[in-house]
2 protein chains.
Amino acid sequence: MSQTVDRALSILPLLAEGPADLGRVADRLGVHKSTALRLLRTLHEHGLVYRQSDQRYRLGARLFALAQEAVENLDIREIAHPHLARLNERCGHTVHLAVYEENEVLYIDKVESRYPVRMYSRIGKPVAITVAAVAKLCLADLPEPERRAFAEKLDYPMYTSRSTPNAPAFLKELARVREQGWATDLGGHEESINCVAAPIRGADGRVVAAMSVSAPNVVVTADELLTLLPLVRRTADAISGEYSGRTSVKDSV
Amino acid sequence: MSQTVDRALSILPLLAEGPADLGRVADRLGVHKSTALRLLRTLHEHGLVYRQSDQRYRLGARLFALAQEAVENLDIREIAHPHLARLNERCGHTVHLAVYEENEVLYIDKVESRYPVRMYSRIGKPVAITVAAVAKLCLADLPEPERRAFAEKLDYPMYTSRSTPNAPAFLKELARVREQGWATDLGGHEESINCVAAPIRGADGRVVAAMSVSAPNVVVTADELLTLLPLVRRTADAISGEYSGRTSVKDSV
DNA sequence: GAAGTGCGTTGCAGGATATGCAACGTTCAT
DNA sequence: ATGAACGTTGCATATCCTGCAACGCACTTC
């Protein structure tokens, strides 16, 4: 591993907390100011860091562009999107697409029905991994030892009284999800929000992504939402088929 | 400037084009495979690149999270958002917020009325700089020599017959925009889309951002859209006032 | 089935390259 | 006017990165 690059990259999460001046960056990195300066300059030339008018540094524009291109190049997302949109048209609720990557599950697409407000704020954001239905599906597919090790390392914040409380409960839930091939989150993240989710599988049968339908229970009860399960599963299967190359676009009902 | 970091960062835009294997990365960088490997490993440890199942590398998840945090920490965006939402409620059209940074103008917020589809796809994306109304406002505020130099360097793609054709025309338009304090894009980017935009200024009077209202002319004609100009300008001024009032967090505590 | 090809990976020696130091230029507050 | 805080520069040292060559592995070819 390269020390110089390592230090330079450590600056990014540091700046993500908010703008910082040279001294602060140098301190946090544990290097001399002149060293930090050269690293920041290099980051700056690549547009990853921006120098605002008060001379402090913050994350730069290129970062957005990169993240943008990255998300647009995900083929699962591209394949899934029309299916998600169609599902949204039929049921009217919010539809999510998420993938597992490097100890995180994150939303990579979303189609929402009513509220345009802050829609972007979730795309690319890690999900609440211990409670989200899509997270359960992705993690349930990990090999057993890895799954266990991972569950042990997690925090289990009690978002609501129905949040997953600890590792054993989580592992038990994952086992059930793995068994039944779908998952729910009934008020585990926000009291009034329920989700049903289904897995999307690659050609080898491994879960490559998961999709969900979410709705507040002022609109539909959890039971009513569950009646959508067959539709959600069919959609997920259609995406799986198309992604793994077996099926073409037509055979979704 | 640090060579090692420079090389490492050059990998990112390369991967943004699509997944690549080690050999390809090494070739494009002009370094030995073993060197590329070590750089990629370091990027990997920081989550900026991901190694997919076929062993090829692509951009990683942390990139999204970083971009996410970065955009959420922009104080202009935070201040402006409620104003944009309110404007959207009143007129029903798409509302954009954009900033100039390092030779690019990019959208940092958007409130859309009807079509939830692919909403995120524009946030963080560079705008069509030669035609977009918000771009004109940002660039018109640059000091004259810089503005001229910049205009000379640009490409002038003819998106439509009404796109800005070349540097002289662009500079002339910028001068007019600067004069009148607002800008339009009447079918310069997409034939049927019109925009009106107004600048947001900091305490020193410099343009720090620009906002616009866009609508397809099947919904409202360009003339009708122009009747919104006073409302747009009032909104922009309100944001300017609030922004320059408590510019940084420290002096408002 | 054996030999060949392409790919990622490892350890190492040499030297390019990053590092910390000390000194200077500014800006701002006292 | 004086001092402090901060960013910036040039430079000598040695650290850390580089390219090489060899290896393991998977997959293709004859």
Side-chain angles (χ1 to χ4, degrees), chain A residues 1-15 17-60 101-102 202-204 206 245, chain B residues 1-12 14-15 17-60 101-102 143 202-204 206 244 246-253:
Chain A
M1 191 181 62
S2 160
Q3 184 185 68
T4 317
V5 178
D6 184 45
R7 286 176 171 167
L9 297 182
S10 302
I11 294 178
L12 299 178
L14 193 156
L15 290 185
E17 300 169 15
D21 59 24
L22 178 62
R24 187 181 169 77
V25 171
D27 275 358
R28 295 278 303 266
L29 279 186
V31 299
H32 196 271
K33 282 186 305 178
S34 59
T35 305
L37 179 65
R38 222 150 349 94
L39 297 178
L40 280 166
R41 272 221 258 263
T42 312
L43 289 168
H44 181 85
E45 292 205 13
H46 285 259
L48 297 185
V49 151
Y50 178 70
R51 192 146 202 204
Q52 36 188 38
S53 43
D54 62 355
Q55 291 219 106
R56 291 188 306 168
Y57 296 91
R58 62 170 173 75
L59 295 179
E101 181 178 322
E102 307 280 320
D204 54 359
R206 292 214 45 188
Chain B
M1 193 181 60
S2 159
Q3 184 185 68
T4 317
V5 178
D6 183 45
R7 285 176 172 166
L9 297 182
S10 302
I11 294 179
L12 298 178
L14 193 157
L15 290 184
E17 300 169 16
D21 59 24
L22 179 62
R24 187 180 169 76
V25 172
D27 275 357
R28 295 279 302 265
L29 278 187
V31 299
H32 197 270
K33 283 186 303 179
S34 58
T35 304
L37 180 64
R38 223 150 349 92
L39 297 177
L40 280 165
R41 273 221 257 264
T42 311
L43 289 168
H44 181 84
E45 292 206 13
H46 285 258
L48 297 184
V49 307
Y50 177 69
R51 192 145 202 205
Q52 37 187 36
S53 44
D54 62 355
Q55 291 219 106
R56 292 188 306 166
Y57 295 91
R58 62 169 172 74
L59 294 179
E101 180 179 324
E102 307 281 318
D204 54 0
R206 291 214 47 187
S244 51
R246 36 174 168 167
T247 301
S248 68
V249 193
K250 53 197 170 199
D251 42 43
S252 67
V253 176

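First the proteins, then the strands, lettered A, B, ... as listed; each starts at 1.
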Return the value, rounded to whole Å, for the distance between atom CG of A/Leu9 and atom P of C/dA18.
14 Å
Specify the residue among A/Arg7 and A/Leu37 whose closest nucleotide of DNA chain D lies further upstream toward the 5′ end.
A/Leu37
Student check: side-chain heavy atoms of A/Leu15 and A/Arg58 closer than 4.5 Å
no
Round to a whole Å and report the spacing from CG of A/Asp27 to P of D/dA5.
13 Å
Base of D/dC20 paired with side chain of B/Ser34 (donor-acceptor, under 3.5 Å):
yes
Would you check if B/Val49 and B/Leu12 make a side-chain contact, meaning some heavy-atom pair closer than 4.5 Å?
yes
4.5 Å side-chain heavy-atom contact, A/Asp21 and A/Arg24:
yes
Apply side-chain contact (heavy atoms from CB on, under 4.5 Å) to residues B/Ser10 and A/His46 and explain how you reach the verdict.
CA-CA 8 Å; B/Ser10 302; A/His46 285 259; 3.4 Å; yes
Tell me the interatomic distance from B/His32, atom NE2, to D/dA22, atom C1', rounded to whole angstroms.
11 Å
Any side-chain heavy-atom pair from A/Leu29 and A/Leu39 closer than 4.5 angstrom?
yes
Quick one: does B/His32's side chain have a donor or acceptor within less than 3.5 Å of a partner on B/Ser34's backbone?
yes
Atom CG of A/Asp54 to atom P of D/dA5: distance rounded to whole Å?
19 Å
A/Gln3 has a side chain; which of D/dT8, C/dT10, D/dC16 sits nearest to it?
D/dC16
Give the rounded distance in Å between these two atoms: NZ of B/Lys33 and P of D/dC23.
15 Å
Select base, sugar-phosphate, or nothing to describe what B/Arg24 touches, counting heavy atoms under 4.0 Å on all strands.
nothing
In this structure, how many angstroms lie between the C1' atom of C/dT17 and the CG atom of A/Leu39, rounded?
13 Å
Tell me the interatomic distance from B/Leu40, atom CG, to C/dT10, atom C1', rounded to whole angstroms.
16 Å
With a 4.0 Å cut-off on heavy atoms, is A/Arg51 in touch with a base, just the backbone sugar-phosphate, or nothing at all?
sugar-phosphate
Using the closest heavy atom to pick a nucleotide of DNA chain C for each, name whichever of A/Gly30 or B/Gln55 lands nearer the 5' end.
B/Gln55
Roughly how many Å is it from CG in B/Asp21 to C1' in D/dA26, rounded to a whole number?
15 Å
Out of C/dG20, C/dG8, D/dG7, minimum distance to the side chain of A/Arg38 belongs to C/dG20
Quick check: on DNA chain D, is the nucleotide nearest B/Thr4 upstream (toward 5') of the one nearest A/Gly23, or the reverse? Name the residue that is more 5'.
A/Gly23
Can you give me the bend angle of the helix from C/dG1-D/dC30 to C/dT30-D/dA1? Use the axis through the first five pairs and the one through the last five, nearest 10 degrees.
30°
Starting at CG of B/Leu22, measure out to CD of B/Gln55 and round the result to the nearest 0.5 Å.
9.5 Å
